[in-house]
Protein chains: 2
Amino acid sequence: MKRSGPVLVHSQASPDARWRNQILQGHCVTEMERLPAGSVDAIFADPPYNLQLGGDLMRPDHSKVDAVDDAWDQFESFQAYDAFTRAWLLAARRVLKPNGTLWVIGSYHNIFRVGASLQDLGYWILNDVVWRKTNPMPNFRGKRFQNAHETLIWASRDQDAKNYTFNYDALKASNDDVQMRSDWLFPICSGGERLKDEDGVKAHPTQKPEALLARIIMASTKPGDVILDPFFGTGTTGAVAKRLGRDFVGIEREDEYVRIARDRIDDVEPLADDELKIMGGKRAEPRVPFASLVEAGLVAPGTVLTDSKRRYRARVRADGTIAVGDDAASIHRIGARVQGLDACNGWTFWHVSRGQNLMPIDELRTLARQRMTVAATA
Amino acid sequence: MKRSGPVLVHSQASPDARWRNQILQGHCVTEMERLPAGSVDAIFADPPYNLQLGGDLMRPDHSKVDAVDDAWDQFESFQAYDAFTRAWLLAARRVLKPNGTLWVIGSYHNIFRVGASLQDLGYWILNDVVWRKTNPMPNFRGKRFQNAHETLIWASRDQDAKNYTFNYDALKASNDDVQMRSDWLFPICSGGERLKDEDGVKAHPTQKPEALLARIIMASTKPGDVILDPFFGTGTTGAVAKRLGRDFVGIEREDEYVRIARDRIDDVEPLADDELKIMGGKRAEPRVPFASLVEAGLVAPGTVLTDSKRRYRARVRADGTIAVGDDAASIHRIGARVQGLDACNGWTFWHVSRGQNLMPIDELRTLARQRMTVAATA
DNA sequence: CTAATAATTGAATCTGGCG
DNA sequence: TCGCCAGATTCAATTATTA
């Protein structure tokens, strides 16, 4: 069944129901100020950058900024643009959860101003990312380099926010097992993906490719998270968020864009939960103390541990510590001590003999984890 | 004949002789203020990045990363950094000819502030350019994207400066007859090019590759032009300028850097006029992450992959990993795991069905690469 | 001597949970 | 909020060492 409004994925009883998976029609600052503080997990913003677009770019006295024709006017425009930028970045920061992150995309016309403003407001830049376009528009006059990229800034709300979402292991696994770089290659939005009206005229001048949003959302959010887009346009963020099992909030002023985005998002079919799981790394695994391997009988007290080259030896004790001579401590401490280092991951450093070979105790931990899972599900 | 001071290429009688092809030792602003107004054709500036590093960073092998912790990179605050930036940008603008252009390089730590400041001062941005590094330092803690690029801003002195030098046709000819893009690929400066002292310690922490300077100089200056570098360091700009038949002015505070730069530039042999044609060329095929096939919709999440004999099956997930049961990892890891091997090339091992037949996912990658061939040029 | 293997290194704003 | 400590974490290229 087709509905005229956006689909509410969550229960009406939820206090979020009023704004989750909705498009709020209005000015981005006004609408963000209505949202609860600390309520969204991530923000993606594609703010206007053309200084002549008017609308948002008003002088303090509400007069419209005219076409740029001299240096002083230019300065005025930058001032106006900065005021606008600070206003929405400030409102966005209030809405963001303490460990939420913000993405902004822009070109050289505006991105330096946006970047400086967000630093001034206390955001902490995590990365700048360049979207390299496979098929950028040529420079027709041959007076400059072909403008073949746009810049994204990824920032946390505060400098000391350390627990932001970053699906490092999934990104690495999807990238031939090397970590994902800060330069991404995607085609611009065209073909069937590009929304057009009945006359074939593009519905929005700066529609972003869904692939770009998909990488952003997969990288920095978890299923069920809510993503706010204060410059929603024709709703790419909402469409991709819905498809990827995330919630969204869109803010958009123009009737026409709101209508198009609504229809577009209604047509999106979310992926099954099974396909949305994010590969976690070791950090996501439950913590297993070495002592529990001893308790479970996977390692007997008295067992001799060695490093991979059998240079160092340590004995396992019943309390889950290991000892070299009378010097007993954790697998990590002793591993560090014998090597003369500050730190050591004892799980990968120490091995047990299995016949002729050595096996890292980390594999015993994997075994213990499997048993725990079986026990929990039984 | 070897000389102790920099070589004067132009006649002593020239009024420029006092400062052309010289290294001026002193503060960048002070020294620029001594130069005649409107006297240089181009400026390349590699200012301090204002890195704000916490404690030590260790590699996984417990070795310490040699951080850029030099005094010259330390600033009290963003305000202090902005004041410094405005001061040198202003002095630089006075020295620049009306049709001269400015290049600045930076990272996300400083480039947004530099870009906003130069816009405020009346410079007009022509392009931002990204230097993609073939071999950047990894992100050791897996907390962010690998920082694989730096940003350059190319700007004219004024908005209405239309007659700046841009060797469009030469760049195009050197780039397989397609126009030069704003994303450039170069290795970092290492190996024999990297200047080191007697003990093999790098002479300067942030020496830039000559190839980068060569492209900048070939793109935006003419033979005989003079290029000013207010943060001369060990003189890469001077060395490349001399080699390419341009003049230079370097400003540098530290004795040691001045001495090294002088010796370095003395050893440079300028190219003959007819050798001043272009260098360039293509680089290796771009790495295509499996994730981008998923993001681009070439493989839908939920798709079943099999090996060529349909013995093994795995499901594609939205994060770009594939899963057998709940065991998810990269196409390579899962391929290895199901076969009980240490390693496996997932691109050739896994297939998708196309009607009755199977097609290796490597063919999908080829398809994706074809879309991306335009971007493969360095 | 060559070839294989190991060690080194580069502009880095690089941990997290528990008590 | 702070201290403690478990324990997770690297890519490409060059240079040094070993076989």
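In what follows, chains are A, B, ... by sequence order, proteins preceding strands, each numbered from 1.
- Remark: B/N147 is not in phosphate contact with C/dA12, judged by side-chain N or O atoms under 4.0 Å from OP1 or OP2.
- As judged by a 4.0 angstrom heavy-atom cut-off over every strand, B/P209 is placed among residues making no nucleic acid contact.
- Counting only heavy atoms from C-beta outward, the side chains of A/R313 and A/L305 never approach each other to under 4.5 Å.
- Using a distance-only test at 3.5 Å, with no hydrogens or angles considered, no donor-acceptor pair links the side chain of B/E150 to the main chain of B/V130.
- Ion pairing between A/K277 and B/D319 fails under the 4.0 Å rule for side-chain N and carboxylate O.
- If you check every strand for non-hydrogen atoms under 4.0 Å, A/Q159 touches nothing.
- Within the 4.0 angstrom heavy-atom criterion, only backbone atoms of the sugar-phosphate kind lie near A/D169; the bases stay farther away.
- Across C/dA11, D/dC11, D/dA8, the shortest atom-to-atom separation from the side chain of A/A343 is found for D/dA8.
- Rounded to an integer number of Å, the gap from CD1 of A/I361 to P of D/dA6 is 13 Å.
- In this structure B/W347 satisfies the side-chain hydrogen bond (donor to acceptor under 3.5 Å, both in side chains) test together with A/D176, sequence neighbours excluded.
- Under 4.0 angstrom from either OP1 or OP2 of D/dA8 there lies no side-chain N or O belonging to A/R283.
- Nearest-nucleotide positions on DNA chain C for B/P138 and B/G200 put B/G200 closer to the 5' end.
- Counting only heavy atoms from C-beta on, B/A67 has its side chain closest to C/dA12 among C/dA12, D/dT9, C/dG10.
- Considering only the side chain of B/L53, C/dA12 comes nearest among D/dT10, C/dA12, C/dG10.
- The side-chain hydrogen bond (donor to acceptor under 3.5 Å, both in side chains) search around B/R259 returns B/E256, not counting sequence neighbours.
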Notebook entry, point to check: Going 5' to 3' along nucleotides 12-19 of chain D, which nucleotides have protein heavy atoms under 4.0 Å from the base (write B), which only from the sugar-phosphate (write S), and which from neither (write -)?
Noted result: SSSS----
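- Taking the charged nitrogens against the carboxylate oxygens, B/R132 and B/D183 have no contact shorter than 4.0 Å, which rules out a salt bridge.
- Considering only side-chain atoms of A/Q179, the nucleotide from C/dT15, D/dT10, C/dA12 that sits closest is D/dT10.
- Residues that satisfy the ring-ring contact (aromatic ring centres under 6.0 Å, His included) test with B/H204, not counting sequence neighbours, are B/W72, B/Y257.
- D/dA6 sits 23 Å from C/dC14 when the P atoms are compared, rounded to a whole Å.
- Taking atom C1' in both C/dT8 and D/dT10, one finds a spacing of 13 Å when rounded to whole Å.
- The separation of D/dG7 from C/dG10, taken at their P atoms, amounts to 32 Å, rounded to a whole angstrom.
- For a distance-only test at 3.5 Å, the side chain of B/K143 fails to qualify as a donor-acceptor partner of the base of C/dA12.
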Note to self: Treating primed atoms plus P, OP1 and OP2 as sugar-phosphate and everything else as base, which nucleotides of nucleotides 2-8 of chain C get B, S or - for protein heavy atoms under 4.0 Å?
What the structure shows: -------
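- D/dT9 atom C1' lies 15 Å from atom CG of A/L171, rounded to whole Å.
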Note to self: Apply side-chain contact (heavy atoms from CB on, under 4.5 Å) to residues B/F186 and B/T134 and explain how you reach the verdict.
What the structure shows: CA-CA 6 Å; B/F186 292 112; B/T134 56; over 6 Å; no
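- Using a 4.0 Å cutoff on non-hydrogen atoms, no part of residues 324-342 of chain A comes near DNA chain C.
- A/V178 pairs by the side-chain contact (heavy atoms from CB on, under 4.5 Å) definition with A/N175, B/R287, not counting sequence neighbours.
- The residue B/K64 sits apart from the nucleic acid: no heavy atom pair falls under 4.0 Å.
- Within the structure, side-chain hydrogen bond (donor to acceptor under 3.5 Å, both in side chains) contacts touching residues 186-203 of chain B (residues at least two apart or in different chains) are B/D66-B/K202.
- The residue A/I125 sits close to a base: some heavy atom pair falls under 4.0 Å.
- Taking atom CG on A/N163 and atom P on C/dC14, their separation rounds to 15 Å, with Å as the unit.
- Screening residues 327-343 of chain A for side-chain hydrogen bond (donor to acceptor under 3.5 Å, both in side chains), with sequence neighbours left out, gives A/D327-A/R337.
- Sorted by first and then second residue, the salt bridge (charged side-chain N to carboxylate O under 4.0 Å, His left out) pairs with a member in residues 159-171 of chain A form an empty list; sequence neighbours excluded.
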Check: When Watson-Crick pairs (N1 to N3 and N6-O4 or O6-N4) and G-U wobble pairs (N1-O2 and O6-N3) count only below 3.5 Å on both distances, what is the dot-bracket string of DNA chain D, with | for other-strand pairs?
Finding: .|||||....|||||||||
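- B/Y81 places its OH atom 16 Å from the P atom of C/dA11, with the value rounded to the nearest Å.
- With A/R181 contributing its side chain and B/K133 its backbone, the two residues share a donor-acceptor pair below 3.5 Å.
- Within the 3.5 Å criterion, the main-chain N or O of A/L89 finds a donor-acceptor partner in the side chain of A/Y123.
- Each side-chain hydrogen bond (donor to acceptor under 3.5 Å, both in side chains) pair with one or both residues in residues 96-106 of chain A, not counting sequence neighbours, appears once here: A/D41-A/K97, A/T101-A/W154, A/W103-A/S220.
- Toward the 5' end of DNA chain C, the nearer of the two residues B/C189 and B/R144, judged by each one's closest nucleotide, is B/C189.
- Between A/Y164 and the phosphate of C/dC14, there is no side-chain N or O to OP1/OP2 separation shorter than 4.0 Å.
- Contact annotation: the side chain of B/Q74 never approaches that of B/L51 to less than 4.5 Å [non-hydrogen atoms, C-beta and beyond].
- Between A/R365 and D/dA8 there is a side-chain N or O to OP1 or OP2 distance below 4.0 Å.
- Atom CD of B/Q52 is separated from atom C1' of C/dA11 by 13 Å (rounded to the nearest Å).
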